[in-house]
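Remember, it's 1-based here, ligands and their atoms both numbered in the order they're listed.
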Amino acid sequence: MIFKQVPVGTFQNFSYVIGDEKAKVAAVVDPAWEVEKLLKICEELDLKVIYVVNTHSHHDHVEGDNAIAKRTGAKVVMHEKSPLRKDIAVKDGDTINVGSVRFKVLHTPGHCPDHICLLVDGKVLTGDTLFVGECGRTDLAGGDSGDLYDSLTTKVLPLDDDIEVYPGHDYGNKPSSTIGHERNNNYTLKPRTKQEFIKFMAET
Ligand SMILES: [Fe+2]
């Protein structure tokens with residue numbers, strides 16, 4: 001598997017290029033800000049982009065979608081609740097195959113209703129649900145702290161400790177982490193009841 005974490009833009013976003021080197025196909029996750037940089041990586045690796053996958057519909061994660069789709073013919077994949085144009089609507093538990101590389105979709109609402117995390121070969125792309133040392137904000141349109149609590153406790157934290165965490169922004173003291181490290185060190189993930197978490201999010 002080819003897995004490239006690519007810093008883009010001025011909001012410390014991460015896009016990802018994930019591909020199968022044998023089948024020479026790739027998905028670009030959350031393309032934004034620096035489409036040429038992302039396409040150049042794919043070109044240099046001789047990968048045809050077949051999917052654009054968005055962790056969620058916020059502008060800073062999708063604004064390169066159309067340019068990449070137009071240039072490569074890639075299909076745009078988002079959660080079925082996303083209000084944006086998409087070619088393929090996915091839901092919790094779905095899989096996306098990129099050659100032999102298999103993405104599993106985890107629906108993780110909370111930051112926004114259409115948020116998904118993507119589990120791929122021992123790694124989880126957490127978008128704006130979980131960052132290194134932080135969690136996503138819930139004070140934007142469609143945000144819901146109770147939903148984020150449920151997503152973190154029932155979808156993200158049950159993953160094995162050694163699963164690597166690749167977030168949608170470079171907000172931590174390192175660009176990636178592991179579930180075990182975040183479970184033990186991320187102050188937003190300290191054991192709390194749902195009510196305590198909702199209060200915590202309202203106060204921070
Ligand atoms: Fe976001």
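Between Asp20 and Ser100, the side chains place a donor N or O and an acceptor N or O closer than 3.5 Å (distance only, hydrogens not considered). Donor-acceptor pairing under 3.5 Å is recorded for the side chains of Glu182 and Ser177.
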Please lay out, stage by stage, how Phe3 and Tyr16 fare under the test ring-ring contact (aromatic ring centres under 6.0 Å, His included). CA-CA 7 Å; Phe3 186 95; Tyr16 294 88; 5.7 Å; yes
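Looking at His58 and the Fe ion (ligand 1) together, the shortest N, O or S contact belongs to ND1. His56 contributes NE2 as its N, O or S atom closest to the Fe ion (ligand 1). Its N, O or S atom nearest to the Fe ion (ligand 1) is what matters here, and for Asp128 that atom is OD2.
Backbone or side-chain N, O or S atoms of His111 reach the Fe ion (ligand 1) at under 2.8 Å.
For His169 and His61, the distance between ring centers is under 6.0 angstrom.
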